[in-house]
Every structure is written in structure tokens, then in C-alpha cells.
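Just so it is clear, the structure is predicted and the values come from calculations on it, not from any experiment. Remember, it's 1-based here, ligands and their atoms both numbered in the order they're listed.
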Amino acid sequence: MRSAKDFFTPLAVGAPAPLREIPARPSRAIHFFDPSNAKMAAKIPGMVGTVDVLLGNLEDAVKAENKEKARLGLVEIAKNTDFGPTQLWSRLNALDSPWFLDDITTLVTEIGDKLDVVMIPKVQGAEDIHYVDRLLAQLEAKVGLQRPVLVHAILETARGMANVEKIAGASPRMQGISLGPADLAADRRMKTTRVGGGHPGYLVRADATKNDAGEYDIHGDRAVFQQDLWHYTIARQVDACAMHGIYAYYGPYGDITDVVGCEDQFRNAFLLGCVGTWTLHPKQIDIARRVFSPDPAEVEHAWHVVTAMGDGTGAVMVDGKMEDDASCKQCQVVVDLAEALSETDPELGEQYAEAKKAGIAKAEGK
Ligand SMILES: CC(C)(COP(=O)(O)OP(=O)(O)OC[C@H]1O[C@@H](n2cnc3c(N)ncnc32)[C@H](O)[C@@H]1OP(=O)(O)O)[C@@H](O)C(=O)NCCC(=O)NCCSC(=O)C[C@H](O)C(=O)O
Ligand SMILES: [Mg+2]
């Protein structure tokens, strides 16, 4: 085990110093594309600015015979595109695959200066992150990168889940963790066959009531409530990430046509503490942007509370409700997110500026 004092020492001579804090850059939609798919790849330069993150996917969903084409296609796109405020990420093939070593070596040496984050699938434990950490440092040193490439783990095995806190804290490079519900379901032997989302069979049913004969009518009209298959997983993931100062994300919602179910799944994750999600199809981008940006009415309320609370101590009444240090801190989370999003999203920035003005005015009794 490394000493705590060594944690922020570069793992290779000449590699950039690890970051002490992971920047809170907007990452509401991590948009997946297959760089080996010419039609999709051609759309990527035009998508800059429409999503927070563009992710060149090299792993699952890319056919084995296209792995090299996808890797080289991503290099080409990265070299020829000005990404402006949009981040460039890549999901590499799994550590035990025949492609991982070439993926990481090629991307870091060819486009390491443009690559913000590498997403590592099927992470099992801290040892996987330690391996990637050292390798990245060696490659960064080799090409003289000035800033470290960050690492994002996908939680998609039972072992990874059991080790989630250790994974989140395994390296100062850790940027965040996404849920991989399809692989995780398979590894856990869950009996679902979908990519994320709920299942109508996972439910609770209201108690039976008695009929006129005084017998329980178990076949009668009993309300059923579908339950959230992912609640435990996402809640644990969020805690692990928050504990280590990194960010939690939902993952894929495979039913592209069910935009309503997708929005619900994304919103559950947002409310539980996730900062973003994956988008697999252009249809999902607006949903992610909408869900992972706080409602201007919430932002106005948050400014109202934060302003009314002043130094954050004591208690005040706002709209008939008691507010104190704890609710003020929740409101501060919303205010901070709105401020961060305003920096890269001018349209939202205007709405949030109005909300701020109105919230402060209310607190000041104007
Ligand atoms: C899901 C898709 C295969 C659907 O593609 P397609 O049938 O082509 O859809 P459409 O005809 O509706 O497409 C309309 C146009 O939009 C373009 N398009 C489609 N998807 C994208 C995209 N992601 N980025 C940019 N552009 C896109 C099409 O080319 C059409 O263009 P045009 O003909 O000019 O109008 C496809 O969307 C897709 O492959 N998406 C990505 C899938 C993916 O990345 N999957 C992996 C992540 S999920 C996962 O791995 C599971 C996870 O790990 C776990 O374990 O849970
Ligand atoms: Mg997966």
C-alpha cells in the first residue's frame, strides 16, 4: 500500500502531477458514438457544443473486426476537431481484452493532449485502477503531457460493486463512476434482459382486502407499484463517489424509443446524486440536458434560501417552511450546479441569472 504522502506523487518520472481536486466540469450527457461507423463519425464535429462530453466508444457495441478502425477513427476525429468547451472521453476495451493495450497506448500517445478521460469497463477492484494509473503515467511521461488523463470506472460486476468504495479512492486520477446495468445484471444473475431501466415484474402489491363473505380477495383489484431495480446500486455508488470527491453517473438506457421511461430513469439518478448519464442516440441528448440541469424554479428557491440564511447559521422561514444549515447546504449544491452550467450553456445561464435575481429579491423582501 502506498503512503498517503505519496498519493500525489507522479507514478512515472516526467509525468504530470496528479490533480488534488477533480474539476466540476458539466457532464450531463456523455454522448456515445462508434468512431468506426462512418455516418456517426461524420456527425461528431457538428455535435461539439451540443453535449458536455463526446465519448468515442471502443468497447461493446463495436464489432470485433472494427476495433482497430474505431481506435484509428477516434484518433482522426480528435486530431481534426476543435472541441471547444466539450470534453473528449473514450471508453476503452476491457483490461482482459486483446485490444486494451493498443487502445491506451495509441490514444494517449496520439491524442493525449485532447483526451480528458478514459472510461474503463468492468472494473473489479482497486488493483485494476492501479494498473491503469501507472500505465497512464508512463505514457504521459513518454509524450510529455502537461496534464493527467483522468480515469472513469464502470460498475458492472458484482465484485466491482462490492469494491466500489476502494475503486472510487484508488487514485487521484479517478474522475467518476458510471453504472453499467446490462453487464452488472448479467454478472449478478439478475433475470432481466434489458439495457437499464425498470422491469414490470419487480413490484410490490397492495394488501388484499376482505370481500362481502369476510374472506381475503387475493385476486381482487390490488394496486401494484413498480419498484426501482437500481436504487441500491446507484445509492451505494453515489456515496462511494461523494466520499472520495468524484462524480457518479447513471449509464445507458437501451430503449431508445421510450423517451418517457428514459427521462424517469435519468431523473431518479439525478435526484439521488448523479451528475450525468450516457446518451446512446441523439434523441436522448435533450432529455439528459433537461434532467441534469436544475429547474430554474428550484434555482430561484435555492438562491432565496441561501440569501435568507446569510452566514448559514440559525433558522428562517421561507414560503412557510423551516430552513436551516442543512437545507441551506442542499440549496448551495443547486446554486453551485447552476453557476457551473451557466459557464458553458449561455441559454441556461440567462434563465439562471433571472432565477438568481428573483431569489435574492424575495429574500430581501423586494
Ligand atoms: C442504437 C443505435 C444502433 C441506433 O442507430 P440507428 O438505427 O442508426 O438509429 P437511427 O436510424 O434512429 O439514427 C438516426 C440518425 O442518427 C444517427 N445516430 C444514431 N446514433 C447516433 C449516435 N450515438 N451519435 C451520433 N449519431 C447517431 C444515425 O447515424 C442516423 O443518421 P442519419 O441516417 O444521417 O439520419 C445507435 O444509436 C448506436 O449505435 N448508438 C450507440 C450504442 C452504444 O454506444 N452502445 C454502447 C453503450 S451501452 C453499453 O455498452 C451497455 C453497458 O456497458 C452496460 O453494461 O450496461
Ligand atoms: Mg457494459
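- Residues D113 and L145 are in side-chain contact: their nearest non-hydrogen atoms beyond the backbone lie under 4.5 Å apart.
- Neighbours of the Mg ion (ligand 2) restricted to protein N, O or S atoms under 2.8 Å: the count is 2.
- Between the side chain of Q175 and the backbone N or O of Y247, no donor-acceptor pair lies under 3.5 Å.
- T277 contributes a side-chain N or O that, together with a main-chain N or O of G251, makes up a donor-acceptor pair within less than 3.5 Å.
- Shown here is D6, whose CG atom has more than 12 heavy atoms of other residues, nucleotides or ligands within 6.0 Å.
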Does ligand 1 have any N/O atom under 3.5 Å from a protein N/O, and what are those pairs and their distances?
residue: ligand 1; atom: 12 (O); partner: H281; partner atom: NE2; Å: 2.7
residue: ligand 1; atom: 13 (O); partner: H281; partner atom: NE2; Å: 3.4
residue: ligand 1; atom: 23 (N); partner: H31; partner atom: NE2; Å: 3.3
residue: ligand 1; atom: 23 (N); partner: F32; partner atom: O; Å: 2.9
residue: ligand 1; atom: 23 (N); partner: L280; partner atom: O; Å: 2.8
residue: ligand 1; atom: 24 (N); partner: H31; partner atom: NE2; Å: 2.8
residue: ligand 1; atom: 31 (O); partner: K43; partner atom: NZ; Å: 3.1
residue: ligand 1; atom: 33 (O); partner: K39; partner atom: NZ; Å: 2.8
residue: ligand 1; atom: 34 (O); partner: K43; partner atom: NZ; Å: 2.6
residue: ligand 1; atom: 37 (O); partner: L280; partner atom: O; Å: 3.2
residue: ligand 1; atom: 40 (N); partner: L280; partner atom: O; Å: 2.8
residue: ligand 1; atom: 50 (O); partner: R91; partner atom: NH1; Å: 3.1
residue: ligand 1; atom: 50 (O); partner: R91; partner atom: NH2; Å: 2.9
residue: ligand 1; atom: 53 (O); partner: R91; partner atom: NH1; Å: 3.0
residue: ligand 1; atom: 53 (O); partner: E156; partner atom: OE1; Å: 3.3
residue: ligand 1; atom: 55 (O); partner: E156; partner atom: OE1; Å: 2.9
residue: ligand 1; atom: 55 (O); partner: D183; partner atom: N; Å: 2.9
residue: ligand 1; atom: 55 (O); partner: D183; partner atom: OD2; Å: 3.0
residue: ligand 1; atom: 56 (O); partner: P181; partner atom: N; Å: 3.1
residue: ligand 1; atom: 56 (O); partner: A182; partner atom: N; Å: 2.7

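- The main-chain N or O of T50 is found under 3.5 Å from a side-chain atom of R289 such that the two form a donor-acceptor pair.
- Summarising the geometry of T81 relative to K114, their closest heavy-atom pair is O-NZ, 2.6 Å, with the distance given to 0.1 Å.
- At least one donor-acceptor pair under 3.5 Å links the side chain of H152 to the backbone N or O of S178.
- Partner of K122 under the salt bridge (Lys or Arg N to Asp or Glu O under 4.0 Å) criterion, chosen from D187, D60, D96: D60.
- A cation-pi contact, defined as under 6.0 Å to the ring centre and within 45° of the axis, is absent between R91 and F32.
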